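Please read the structure below before turning to the comments.
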Protein chains: 2
Amino acid sequence: MKAEGKGDMKREHEILIGFLKQKGLKQTDQREKILDIFLSNVKHVSADELHATIRKSDPRIGFSTVYRTLKILTECGLAREVNFGDGRARFERALDKGQHGHLICTNCGKTEEFAIATIEKSIKQISTNVGFRPLGHRLEVYGLCKRCQ
Amino acid sequence: MKAEGKGDMKREHEILIGFLKQKGLKQTDQREKILDIFLSNVKHVSADELHATIRKSDPRIGFSTVYRTLKILTECGLAREVNFGDGRARFERALDKGQHGHLICTNCGKTEEFAIATIEKSIKQISTNVGFRPLGHRLEVYGLCKRCQ
DNA sequence: CTTATCATTGAATATGAATGTCAATTTCAG
DNA sequence: CTGAAATTGACATTCATATTCAATGATAAG
Ligand SMILES: [Mn+2]
Ligand SMILES: [Mn+2]
Ligand SMILES: [Zn+2]
Ligand SMILES: [Zn+2]
């Protein structure tokens, strides 16, 4: 669970630690472990799912801690919350990963990501026209994936 | 509550009645009244809010009925569900009103709509490229409205 | 190292929207 | 009309999210 060739996570840990210090919060084993598992895991994970995964390596970590840590990770830019209309929040890695849209299969739940550079340009244009300052956006496309059509 | 110059709602009622008949469901006063109030009301209303409004003119209509009727209205294309990340579903008029994006102020909650014709073209393009068949989409932009900046 | 302070943890509990249940009532085809 | 079947509305349940709180842990000062 270390030599997995996904680039070291030092940078992410430094960001987390810096954020905690700056906010007067404390550095704990739980927070570090949750960050590790979050980063080494599949994308679009819910708090529940992440907690289930973490329990396998440390059954003593509570759901609340996972839940609260995901919030912290989101605050410090390491995670991003996404929502696929299934009634629960999901989180994906945010560092070095720009905004993107999601194609969500309404039949099997499969999701695919796509770049939205041109769309983002349109959004900026439109927003500026009406005096709105855009800070974030969500674009979800619902439909049928190749297999489900 | 009738001569309000918003075009008659006959067409909507015909659509609802046709849908009910076709599905073997029954035409009730409640459903008609809920449709009326839904149409003569502000956009982006939650089930709760709609129920509160309806209670003023008929206190005997229950929340469950409003909730279930909104589902029916969505099924027959008279309403569309939208979600602004505040944890509850909202509904807007859908007949004669194409898809559009929303600019949502994260400070005051104000929402503004905008056309997404060009963006829709991009979505279709991208989807086709990967073999995905798009059936619907949501585009929400979060930021600060003119007043809140 | 020791201590004092204050944040964190995790189990339990609370919250709130969405959905399900069911007896009484209403619709509507025949 | 009449009866089968859908509807209604009060209430209960579910489920994700959020909060509470006593015990524990982290950190800075001495
Ligand atoms: Mn993604
Ligand atoms: Mn709208
Ligand atoms: Zn699929
Ligand atoms: Zn505002």
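Not measured: the values here are computed from a predicted model.
- Atom CZ of Phe84(B) and atom P of dA17(C) are 17 Å apart (whole Å).
- Between Ile72(A) and Pro59(A), the residue whose closest nucleotide on DNA chain C is further toward the 5' end is Ile72(A).
- Ion pairing of Glu92(A) with Arg90(A) is absent here, as no side-chain N (NZ or NE/NH1/NH2) approaches a carboxylate O to less than 4.0 Å.
- Taking only side-chain atoms of Arg68(B), from C-beta outward, the nucleotide of dT21(C), dT17(D), dA4(D) with the closest atom is dT21(C).
- Taking only side-chain atoms of Arg88(A), from C-beta outward, the nucleotide of dT8(D), dA11(C), dA16(D) with the closest atom is dA16(D).
- With DNA chain C read from its 5' end, the first of the two nearest nucleotides for Arg60(A) and Asp86(B) is the one closest to Arg60(A).
- Rounded to whole angstrom, the span from the CG atom of Leu16(B) across to the C1' atom of dT7(D) amounts to 14 Å.
- Between Gly87(A) and Asp29(B), it is Asp29(B) whose nearest contact on DNA chain D lies nearer the 5' terminus.
- The side chain of Thr65(A) lies closest to dG10(C), out of dC6(C), dG10(C), dT19(C).
- Between the C1' atom of dT13(C) and the CZ atom of Phe63(A) lies a distance of 14 Å, rounded to the nearest Å.
- Across the protein-nucleic acid pair, Ile17(B) atom CD1 and dC28(C) atom C1' stand 14 Å apart, rounded to whole Å.
- Of the listed nucleotides (dG9(D), dT8(C), dA5(D)), dG9(D) has the atom at the smallest distance from the side chain of Ile61(B).
- Surrounding NZ of Lys97(A) are more than 12 heavy atoms belonging to other residues, nucleotides or ligands, all under 6.0 Å away.
- Comparing dA10(D), dT19(C), dC28(C) against the side chain of Lys71(B) picks out dT19(C) as the nearest.
- Regarding contacts with the backbone of dG10(C), a side-chain N or O of Gln30(A) is found under 4.0 angstrom from either OP1 or OP2.
- Among the heavy atoms of the strands, none lies under 4.0 Å from Ala47(A).
- In the set dA11(C), dT8(C), dA18(C), dA18(C) carries the atom at the smallest distance from any side-chain atom of Tyr67(B).
- The distance between atom CG of Asn83(B) and atom C1' of dA17(C), rounded to the nearest whole Å, is 11 Å.
- Between the CG atom of Leu50(A) and the P atom of dG10(C) there is a distance of 13 Å, given to the nearest Å.
- Among the nucleotides dT27(C), dG25(D), dA16(D), the one closest to any side-chain atom of Lys26(A) is dG25(D).
- Between His100(B) and Phe114(B), the gap from one ring centroid to the other reaches at least 6.0 Å.
- Lys10(A) has no carboxylate O lying under 4.0 Å from a charged side-chain N of Glu12(A), or vice versa, which leaves the two without a salt bridge.
- Taking the six-membered ring wherever Trp is involved, the centroid distance between the rings of His102(A) and Phe84(A) falls below 6.0 Å.
- OP1 and OP2 of dA17(C) both lie 4.0 Å or more from every side-chain N or O belonging to Ser46(B).
- Comparing dT19(D), dG20(C), dT27(C) by their closest approach to the side chain of Ser64(B) singles out dG20(C).
- Checking side-chain atoms of His51(B) against main-chain N and O of Ile61(B) turns up a donor-acceptor pair under 3.5 Å.
- dA28(D) atom P lies 13 Å from atom CG of Leu25(A), rounded to whole Å.
- In terms of phosphate contacts, Arg31(A) brings a side-chain nitrogen or oxygen within less than 4.0 Å of OP1 or OP2 of dT9(C).
- Atom pair Glu49(B):CD and dA18(C):P shows a separation of 11 Å (rounding to whole Å applied).
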